[in-house]
Protein chains: 2
Amino acid sequence: MTAPLHEAHPAGPGRALPNTQQGMRRRNLARVMHTVSAEGPLSRAAVASHIGLTRAAVSTLVDELIRSGLLEELGPERPGRVGRPGSALAVSGHGPAGIGAEVGVDHLAVCAVDLRGEVRSRAVRHGANRGRAPEPVIEELIELLRRVLAEAEREGLWPAGLAVAVPGLVARDARTVVRAPNLDWRDTDLGPLLPVDFPLTVGNEANFGALAELWLGEGTPRDFLHVSAEIGIGAAVVVDGGLLHGTRGFAGELGHVPVQPDGPECPCGGRGCLEQYAGEEAVLRAAGLESDEDRVGLLAGRAAEGDEDVRRALRDAGTALGVALTGAVNLLDPESVVLGGALAGLAPWLLPSLEAELDRRTAGPACPVSVSRLGPEGPLLGAAHSVVRAVLDDPVAVAERA
Amino acid sequence: MTAPLHEAHPAGPGRALPNTQQGMRRRNLARVMHTVSAEGPLSRAAVASHIGLTRAAVSTLVDELIRSGLLEELGPERPGRVGRPGSALAVSGHGPAGIGAEVGVDHLAVCAVDLRGEVRSRAVRHGANRGRAPEPVIEELIELLRRVLAEAEREGLWPAGLAVAVPGLVARDARTVVRAPNLDWRDTDLGPLLPVDFPLTVGNEANFGALAELWLGEGTPRDFLHVSAEIGIGAAVVVDGGLLHGTRGFAGELGHVPVQPDGPECPCGGRGCLEQYAGEEAVLRAAGLESDEDRVGLLAGRAAEGDEDVRRALRDAGTALGVALTGAVNLLDPESVVLGGALAGLAPWLLPSLEAELDRRTAGPACPVSVSRLGPEGPLLGAAHSVVRAVLDDPVAVAERA
DNA sequence: ACTATTTCGTCATGGCGGTTTACAAATTAG
DNA sequence: CTAATTTGTAAACCGCCATGACGAAATAGT
């Protein structure tokens with residue numbers, strides 16, 4: 001029963017809808033949902049002027065959305081302006097919810113987000129998953145999922161879809177994990193393991209983090225490069241408000257960009273890949289540390305304490321990141337680079353050398369580098385919100401399933 | 001009078017059209033044009049089944065396109081199939097034409113392409129333009145343009161737009177050349193210099209070359225990386241059948257991707273940029289040659305003769321290209337890499353080391369590298385065809401101008 | 001307090017676009 | 001020569017949005 005959510009989450013409302021009158025209607029319904037969702041409570045008239053339709057047309061659209069339970073009438077607004085006050089519309093806090101899940105190296109998490117974007121339920125379970133087989137891990141995830149779904153149902157929500165963030169490469173079918181080095185999973189189709197009766201999507205953790213940044217970050221542009229790191233270093237390329245997936249779904253493998261063509265060998269077969277300089281393992285080694293749990297926290301702690309070895313290791317990692325990012329920036333000309341995931345916590349010590357390297361190597365104004373506010377929350381929120389966006393992108397599709 | 005052609009040539013038909021009934025109509029007109037253009041002569045019924053409309057609907061669409069002179073009725077087709085034969089429709093060979101122009105380092109060229117994709121007129125003028133001011137060069141280009149337009153008019157064609165390919169960075173407004181090192185142009189707006197009474201677009205030569213590959217190449221995928229080189233090394237990133245422009249329009253600057261972080265200094269401010277290893281100047285120097293004209297031809301000639309110095313220089317350049325492309329391929333996961341422009345002619349000596357490097361550094365199946373058939377013709381054809389595509393993408397817009 | 005003005009939401013009407021249904025025309029199969 | 005099949009078109013219909021008019025509900029002015 002696991003139908004794919006529309007793959008490669010389209011940027012705008014309803015990209016794939018047919019070019020017929022019904023398709024037009026569905027696109028307009030989506031535009032209403034997006035407008036109300038983005039611009040807060042709005043009257044029908046305000047929505048109409050936002051999207052360029054007449055009040056009459058918006059009325060019929062809103063009626064349909066209210067009947068479907070996707071919009072709610074909040075009642076008359078009381079503005080100081082002249083004229084009859086409008087009736088405020090808001091996205092419904094009941095009805096469909098986006099379920100996000102995350103399989104991390106040392107934790108599992110599930111959450112439910114309503115159409116308003118609020119997290120209404122969540123469950124987390126800590127514990128190292130490194131090297132565990134997929135089945136028991138997913139078994140535990142399902143337990144969390146059950147709890148979240150139960151609580152969501154008590155709040156009047158029903159699941160519109162499930163998106164799972166995984167620390168590894170995911171095939172374009174958005175179902176099978178091709179390679180997850182931290183977990184030691186290879187070519188495992190999560191579809192059969194997660195028998196849910198709503199659409200399932202599996203995606204790369206870094207990609208979901210980037211989407212969270214795009215949708216939840218403040219002032220985030222529509223074209224940027226989102227860099228995050230767990231063990232591998234993943235980048236997500238966001239172009240015109242949409243993710244760049246690549247042919248096989250493997251785009252964004254920043255970790256294996258050559259930084260020093262005759263540097264140390266890398267398991268990927270190359271030499272001097274970024275991961276050999278800025279990967280978690282490499283940085284720990286350079287700092288003279290060893291640990292099996294919360295390695296990022298360890299690094300951040302030592303660096304904050306003033307440990308010169310750790311700081312040097314992070315400086316060098318920043319320089320290597322700067323070299324790799326110079327290539328990426330030259331190739332993509334993004335509006336900015338955002339450091340997310342584990343890198344966000346280490347930013348204070350990475351940024352100076354990273355920016356110095358990037359500035360030095362770029363002619364003209366350098367590409368600004370910023371740090372994500374979301375940090376480690378990004379992937380989970382991005383996953384849940386991807387489902388919410390899918391609902392906003394095609395409201396009738398979910399209304400039919402209600 | 002120079003209105004911008006729709007910027008950032010959209011992939012599909014009429015992306016920017018409003019979501020109204022007229023917009024729907026225009027999109028369907030575009031779909032008919034695209035189908036007839038791509039699938040050769042087709043009956044109304046065949047078009048209908050291709051795009052999923054009814055025969056009746058297609059009939060009215062075709063009527064309108066024929067009245068506008070964009071489609072032609074070729075007469076009844078004689079198939080061996082049962083049933084009444086359809087009336088073959090073809091894109092008109094008269095009416096609107098796309099005008100392409102190219103400002104090269106040592107030549108100027110202009111051509112006119114009809115909606116069928118045939119080159120109906122062309123004019124070329126050889127002569128070094130290096131270091132000449134924009135005004136006299138454009139003056140000469142206008143002379144060629146006048147000749148091409150005159151011949152096109154004799155053939156019953158009228159210009160639907162002009163696209164100019166320039167060897168340099170072009171701003172997002174598609175009018176001003178920000179930097180063209182070979183010509184020594186900086187921040188020159190070609191709009192005032194080219195006062196034509198139809199839409200004008202200025203674009204990067206490498207980008208137009210990539211578009212030519214996309215539209216004219218056989219078996220070219222919708223996601224690929226097109227690498228070309230004149231003096232600088234430009235790459236064009238094609239994603240889902242559309243060019244990736246970047247925020248400022250500077251995407252694809254492969255020449256300044258770091259290949260050896262502490263290599264020789266580069267005018268861009270960096271060190272060890274690809275251009276320092278695989279740029280024209282660098283290769284000539286490594287080969288111990290010097291020349292002011294047709295430097296690529298010189299290299300190819302010597303390499304073909306068996307000159308070991310030249311071959312070694314090209315091998316090394318290929319290796320450097322391989323390193324830079326490894327980074328790009330990891331980041332973008334394209335379906336293939338295409339070598340175009342000057343690189344196409346040098347491919348026999350570049351490819352082996354390039355592919356070896358790329359294979360070695362990539363885990364799993366390597367990204368296939370191919371060579372463009374179009375070679376130096378690419379940019380000019382791509383420019384002209386970009387105008388033709390714009391007409392196919394929104395037929396009514398040009399019909400109104402007829 | 002009362003009227004004029006402004007804005008909101010809705011209804012009836014109409015135009016536009018594609019579908020459905022029906023039919024004549026043109027070909028092949030038997 | 002008839003039956004079957006396919007094409008192109010015309011007429012009626014339906015869905016969707018625009019237009020214009022109206023009542024409702026607020027403010028502004030006298």
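Proteins come first, then strands; the chains are lettered A, B, ... in the order of their sequence lines, and each starts at number 1.
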_Whichever of T20(A) and D63(A) has its nearest DNA chain C nucleotide further upstream toward 5'_ = D63(A)
Considering every strand and a 4.0 Å limit on heavy-atom distances, what is the contact class for [X]: base, sugar-phosphate, or nothing?
X: S43(A); answer: sugar-phosphate
X: S87(B); answer: sugar-phosphate
X: A56(B); answer: base
X: R55(A); answer: base

*Using heavy atoms to find the nearest nucleotide of DNA chain D for M24(A) and S59(B) separately, return the residue whose nucleotide is more 5′.*
S59(B)
*For R81(A) and for Q22(A), locate the closest nucleotide of DNA chain D by heavy-atom distance; then report the residue assigned to the nucleotide nearer the 5' terminus.*
Q22(A)
_Tell me whether D223(B) contacts the main-chain N or O of T247(A) through its side chain, where contact means a donor paired with an acceptor under 3.5 Å._
no
*asked:* Looking at the base of dT7(D), is there any donor atom on it, or on the side chain of R84(B), that sits under 3.5 Å from an acceptor on the other one?
replied: yes
*Is the base of dG17(C) touched by the side chain of Q21(A) through a donor-acceptor pair closer than 3.5 angstrom?*
yes
*asked:* So if I take every side-chain heavy atom of T60(B) and compare against dT5(D), dA18(D), dG18(C), which nucleotide ends up nearest?
replied: dG18(C)
*OP1 or OP2 of dG17(C) sitting under 4.0 Å from any side-chain N/O of N28(B)?*
no
*Does a side-chain N-to-carboxylate-O contact under 4.0 Å join E213(A) and R373(A)?*
no
